[in-house]
Asks: 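The structure that follows is given in the form of structure tokens.
Lettering follows sequence order; numbering is per chain, from 1.
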Amino acid sequence: MKTFTYLCIGILFGITMYKSEAASWFRIYEMFSFDSFHMYGIIGSALGIGITITYLIKRFNISSFYGEKIQIPSKEKGWKRYLIGGIIFGLGWALTGACPGPMFTLIGAGFTPILVVIIAAVLGTFLYGLLKDKLPH
Amino acid sequence: MNWIYDPWPWYIGGPMIALILFLLLMVGKNFGMSSNLRTFCTLCGAGNASSFFKFDWKAHRWNLIVVIGAVIGGYIGAHLLSNNEVVAIHPDTITDLKNMGFESAGSSYLPTELFDNAIFTNPKTLLLLSIGGLLVGFGARYAGGCTSGHAISGLSNLQRPSLIAVIGFFIGGLIMIHLLFPLVFTL
């Protein structure tokens with residue numbers, strides 16, 4: 001049952017990424033060119049509602065559908081890994097037009113070449129695991 | 001019923017993402033897609049190469065199910081809920097892209113110059129997609145999250161590290177598009 005719930009949430013996510021065009025390389029390019037409000041509207045409205053939801057869950061100690069306490073972990077302190085890692089991610093995001101969610105949506109949509117991006121992204125993650133202790137965090 | 005085939009405006013897409021964040025929180029999970037890439041490494045045996053990949057991947061099985069859903073959702077979105085969708089980007093963006101050789105701008109969902117099956121015999125495009133993917137995977141794990149983990153979940157929880165990461169995403173994106181694209185795509 002839980003597996004089915006996760007699958008449905010994923011399907012909803014995939015449809016949303018495709019239909020809102022957040023999975024389109026063109027929309028990412030347009031966002032970084034500041035030519036349209038579309039992507040800013042998507043992220044901004046998701047964030048406005050997201051902040052409200054997160055606040056209400058914490059404020060009223062709302063439990064999950066299964067009656068458990070909802071854990072929202074804080075990010076580790078620091079700035080180097082976030083800034084440097086963020087810039088590296090941003091370079092790749094703009095080049096491929098795909099972040100780690102939408103790239104899977106695009107397989108389903110039938111764009112086979114996205115598999116090259118996914119395999120390379122797994123390799124990039126592996127490379128980080130190898131170099132982790134040598135990088136500033 | 002033709003509206004069902006239309007692209008969603010931002011004021012539908014954004015609230016839907018917030019709904020997905022809400023649903024994941026309510027089933028006791030957190031929204032973050034890039035951690036799946038780490039799980040893939042572990043499944044491929046990367047635990048032998050680095051302790052970073054030695055973790056109980058079964059605790060992250062739920063997120064792999066979400067990914068399978070995202071693939072199915074992409075199929076449904078593209079093949080059942082769309083009619084040959086063209087992304088209506090701004091005319092100025094179309095002009096810019098055509099000047100860089102993206103003839104498909106304004107007439108397709110993804111640029112055919114990068115995502116048509118013909119690229120499998122084009123070494124330059126294969127190299128660009130590979131470099132881009134490497135940067136996405138490496139950067140997401142280095143920063144501890146991607147667009148979903150930082151820009152949506154992290155910022156919704158008012159986390160300063162996430163704000164720094166999102167500023168980084170934008171610095172990287174702006175460098176790529178304004179400084180590197182003119183070099184890469186006009187040569």
Asks: In the structure I gave you, are the side-chain heavy atoms of A:T112 and B:F120 within less than 4.5 Å of one another anywhere?
Replies: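 Yes. Closest side-chain heavy atoms under 4.5 Å.
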
Asks: Heavy-atom cut-off 4.5 Å, strictly under: side chain, backbone, both or neither for A:L135 against chain B?
Replies: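 Looking at A:L135, backbone and side chain both touch chain B.
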
Asks: Relative to chain B, which segment of A:P102 carries a heavy atom at a distance below 4.5 Å: side chain, backbone, both, or neither?
Replies: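 Interface part for A:P102: neither.
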
Asks: Using the rule that two of Ile, Leu, Val, Met, Phe, Trp, Tyr join whenever any of their side-chain heavy atoms come within less than 4.5 Å, decide whether A:I84 and B:L179 are in one cluster.
Replies: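 Same cluster: A:I84 reaches B:L179 through Ile, Leu, Val, Met, Phe, Trp or Tyr contacts under 4.5 Å.
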
Asks: What verdict does the side chain to side chain contact (heavy atoms under 4.5 Å, CB included) test give for A:I62 and B:M26, after you've listed the backbone C-alpha separation in whole Å, the side-chain angles of each residue and the deciding distance to 0.1 Å?
Replies: CA-CA 9 Å; A:I62 295 170; B:M26 290 306 285; 4.1 Å; yes

Asks: Chain B heavy atoms under 4.5 Å from A:I70: which part of the residue, side chain, backbone, both or neither?
Replies: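 Side chain of A:I70 only, per the 4.5 Å heavy-atom cut-off to chain B.
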
Asks: What about the rings of B:H150 and A:Y82, do their centers lie closer together than 6.0 Å?
Replies: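 Judged by ring-centre distance (under 6.0 Å), B:H150 and A:Y82 do meet the cut-off.
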
Asks: Determine whether A:W25 and B:L97 satisfy the following criterion, side chain to side chain contact (heavy atoms under 4.5 Å, CB included), listing intermediate values before the conclusion.
Replies: CA-CA 12 Å; A:W25 185 96; B:L97 284 168; 3.7 Å; yes

Asks: Under 4.5 Å from any heavy atom of chain B, what part of A:I72 do you find: side chain, backbone, both or neither?
Replies: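 Contact with chain B involves both backbone and side-chain atoms of A:I72.
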
Asks: At a heavy-atom separation under 4.5 Å, does A:M103 approach chain B through its side chain, its backbone, both, or neither?
Replies: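 Interface part for A:M103: side chain.
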
Asks: Do the two ring centres, one from B:Y109 and one from A:Y18, sit under 6.0 Å apart?
Replies: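 Yes, the ring centres sit under 6.0 Å apart.
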
Asks: Relative to chain A, which of B:L24, B:L64, B:I167, B:V27 shows the most heavy atom pairs under 4.5 Å?
Replies: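 Highest number of pairs under 4.5 Å: B:V27.
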
Asks: Examine whether an atom of B:S148 lies under 4.5 Å from a heavy atom of chain A, and if so say whether it belongs to the side chain, the backbone or both; otherwise answer neither.
Replies: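 When you check distances to chain A, no heavy atom of B:S148 falls under 4.5 Å.
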
Asks: Measuring heavy-atom distances to chain B, does A:S74 have an atom under 4.5 Å in its side chain, in its backbone, in both, or in neither?
Replies: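 When you check distances to chain B, atoms from both the backbone and side chain of A:S74 fall under 4.5 Å.
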
Asks: With respect to chain A, which residue among B:F138, B:W62, B:Y75 yields the maximal number of heavy-atom pairs within a distance under 4.5 Å?
Replies: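 Top count of heavy-atom pairs under 4.5 Å with chain A: B:F138.
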
Asks: For B:S108, is it the side chain, the backbone, both or neither that has a heavy atom under 4.5 Å from a heavy atom of chain A?
Replies: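 Its backbone and side chain both get close to chain A.
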
Asks: Are B:V66 and A:I107 linked, directly or through other ILVMFWY residues, by side chains that come within less than 4.5 angstrom of each other?
Replies: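 Linked within one cluster.
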
Asks: With a 4.5 angstrom heavy-atom cut-off, which part of A:L131 approaches chain B: side chain, backbone, both or neither?
Replies: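 Just its side chain gets close to chain B.
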
Asks: When you look at OH of A:Y66, are more than 12 heavy atoms from neighbouring residues, nucleotides or ligands closer to it than 6.0 Å?
Replies: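 Above 12, so yes.
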
Asks: Quick one: does B:Y142's side chain get under 4.5 Å of A:P136's, heavy atoms only?
Replies: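 Answer yes - side chains close enough.
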
Asks: Between B:L180 and chain A, with a heavy-atom cut-off of 4.5 Å, which part of the residue counts as in contact: side chain, backbone, both or neither?
Replies: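 Only the side chain of B:L180 comes within 4.5 Å of chain A.
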
Asks: Heavy-atom pairs under 4.5 Å with chain A - which of B:G106, B:G28, B:G154, B:A105 has more of them than the others?
Replies: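 The answer is B:A105.
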
Asks: Taking B:V136, B:I94, B:D6 one by one, which has the highest count of heavy-atom pairs under 4.5 Å against chain A?
Replies: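 Most heavy-atom pairs within the cutoff with chain A belong to B:V136.
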
Asks: Between B:F102 and A:Y29, is the ring centroid distance below 6.0 Å?
Replies: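 Centroid separation for B:F102 and A:Y29: 6.0 Å or greater.
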
Asks: Chain A heavy atoms under 4.5 Å from B:N63: which part of the residue, side chain, backbone, both or neither?
Replies: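 Nothing of B:N63, per the 4.5 Å heavy-atom cut-off to chain A.
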
Asks: Relative to chain B, which segment of A:K132 carries a heavy atom at a distance below 4.5 Å: side chain, backbone, both, or neither?
Replies: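 Only the side chain of A:K132 comes within 4.5 Å of chain B.
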
Asks: Is the closest side-chain heavy-atom distance between A:F26 and B:P111 below 4.5 Å?
Replies: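 In contact.
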
Asks: Give, as side chain, backbone, both or neither, the part of B:L19 having an atom under 4.5 angstrom from any heavy atom of chain A.
Replies: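 Just its side chain gets close to chain A.
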
Asks: Which residue out of B:G77, B:C41, B:A70 racks up the most heavy-atom pairs below 4.5 Å with chain A?
Replies: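 Among the listed options, the one with the most contacts to chain A is B:A70.
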
Asks: What part of A:F37 lies closer than 4.5 angstrom to a heavy atom of chain B: side chain, backbone, both or neither?
Replies: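 The side chain, not the backbone.
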
Asks: Can you say whether B:F52 sits under 4.5 Å from chain A via the side chain, the backbone, both, or neither, judging by heavy atoms?
Replies: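 Only the side chain of B:F52 comes within 4.5 Å of chain A.
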
Asks: With only heavy atoms counted, which part of B:F53 is less than 4.5 Å from chain A, the side chain, the backbone, both or neither?
Replies: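 Side chain only.
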
Asks: Quick check on B:P9 against chain A: is it the side chain, the backbone, both or neither that has a heavy atom closer than 4.5 Å?
Replies: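 Contact with chain A: backbone only.
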
Asks: Are side-chain heavy atoms of B:W8 and A:E21 found at a separation under 4.5 Å?
Replies: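 Contact flag for B:W8/A:E21 side chains = no.
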
Asks: Checking A:Q71 against chain B: side chain, backbone, both or neither under 4.5 Å from a heavy atom?
Replies: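 Contact with chain B is through the backbone of A:Q71 alone.
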
Asks: Would you call the rings of B:F169 and A:W93 parallel, tilted or perpendicular if under 30° counts as parallel and over 60° as perpendicular?
Replies: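 Plane angle over 60°, so perpendicular.
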
Asks: Check each of A:I49, A:I42, A:T16 against B:M16 using the side chain to side chain contact (heavy atoms under 4.5 Å, CB included) test, and report the only one that passes.
Replies: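 When side chain to side chain contact (heavy atoms under 4.5 Å, CB included) is applied between B:M16 and each of A:I49, A:I42, A:T16, only A:T16 qualifies.
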
Asks: Say you draw a straight line from CZ of A:F13 to CD1 of B:I17; how long is it, rounded to the nearest 0.5 Å?
Replies: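 Spacing of CZ (A:F13) from CD1 (B:I17) equals 7.0 Å.
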
Asks: Counting only non-hydrogen atoms closer than 4.5 Å, does A:A98 touch chain B with its backbone (N, CA, C, O), its side chain (CB onward), both, or neither?
Replies: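 The answer is the backbone of A:A98.
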
Asks: Name the region of A:K58, side chain, backbone, both or neither, that has any atom closer than 4.5 Å to a heavy atom of chain B.
Replies: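 A:K58 touches chain B through side-chain heavy atoms alone.
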
Asks: Examine whether an atom of A:S63 lies under 4.5 Å from a heavy atom of chain B, and if so say whether it belongs to the side chain, the backbone or both; otherwise answer neither.
Replies: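 Contact with chain B is through the backbone of A:S63 alone.
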
Asks: Flag yes if more than 12 heavy atoms outside B:E103 fall under 6.0 Å of its CD atom; otherwise flag no.
Replies: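 Buried by this count: over 12 neighbours within 6.0 Å.
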
Asks: Counting only heavy atoms closer than 4.5 Å, note whether B:L81 contacts chain A via side chain, backbone, both or neither.
Replies: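 Both backbone and side chain of B:L81 come within 4.5 Å of chain A.
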
Asks: Checking heavy atoms, do the side chain of B:R160, its backbone, both or neither come under 4.5 Å from chain A?
Replies: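 For B:R160, there is no contact with chain A at all, as no heavy atom is under 4.5 Å.
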
Asks: Which atoms of B:S104 come close to chain A, meaning under 4.5 Å heavy atom to heavy atom: side chain ones, backbone ones, both, or neither?
Replies: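 Answer is both: backbone and side chain atoms of B:S104 are under 4.5 Å from chain A.
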
Asks: Is a side-chain N or O of A:R81 found less than 3.5 angstrom from the main chain of B:A165, in a donor-acceptor match?
Replies: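 Side chain of A:R81 to backbone of B:A165: no pair is present.
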
Asks: Can you say whether B:N36 sits under 4.5 Å from chain A via the side chain, the backbone, both, or neither, judging by heavy atoms?
Replies: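 Neither; nothing under 4.5 Å.
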
Asks: Run the numbers on A:L91 and B:I131 for side chain to side chain contact (heavy atoms under 4.5 Å, CB included), then give the verdict.
Replies: CA-CA 10 Å; A:L91 289 165; B:I131 293 172; over 6 Å; no

Asks: Quick one: which of B:L21, B:L25, B:I68 has the most heavy-atom pairs under 4.5 Å with chain A, could you say?
Replies: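 Sorted descending by pairs with chain A, the first entry is B:L25.
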
Asks: Looking only at side-chain N and O atoms, does A:K75 offer a donor or acceptor that is under 3.5 Å from a partner on B:N157?
Replies: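 On atom types as modelled, these side chains do not qualify, holding no pair under 3.5 Å.
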
Asks: Flag yes if more than 12 heavy atoms outside A:Y55 fall under 6.0 Å of its OH atom; otherwise flag no.
Replies: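 Incorrect, the count does not exceed 12.
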
Asks: Is the A:F32-B:F170 ring centre distance short of 6.0 angstrom?
Replies: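 Under 6.0 Å, so yes.
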
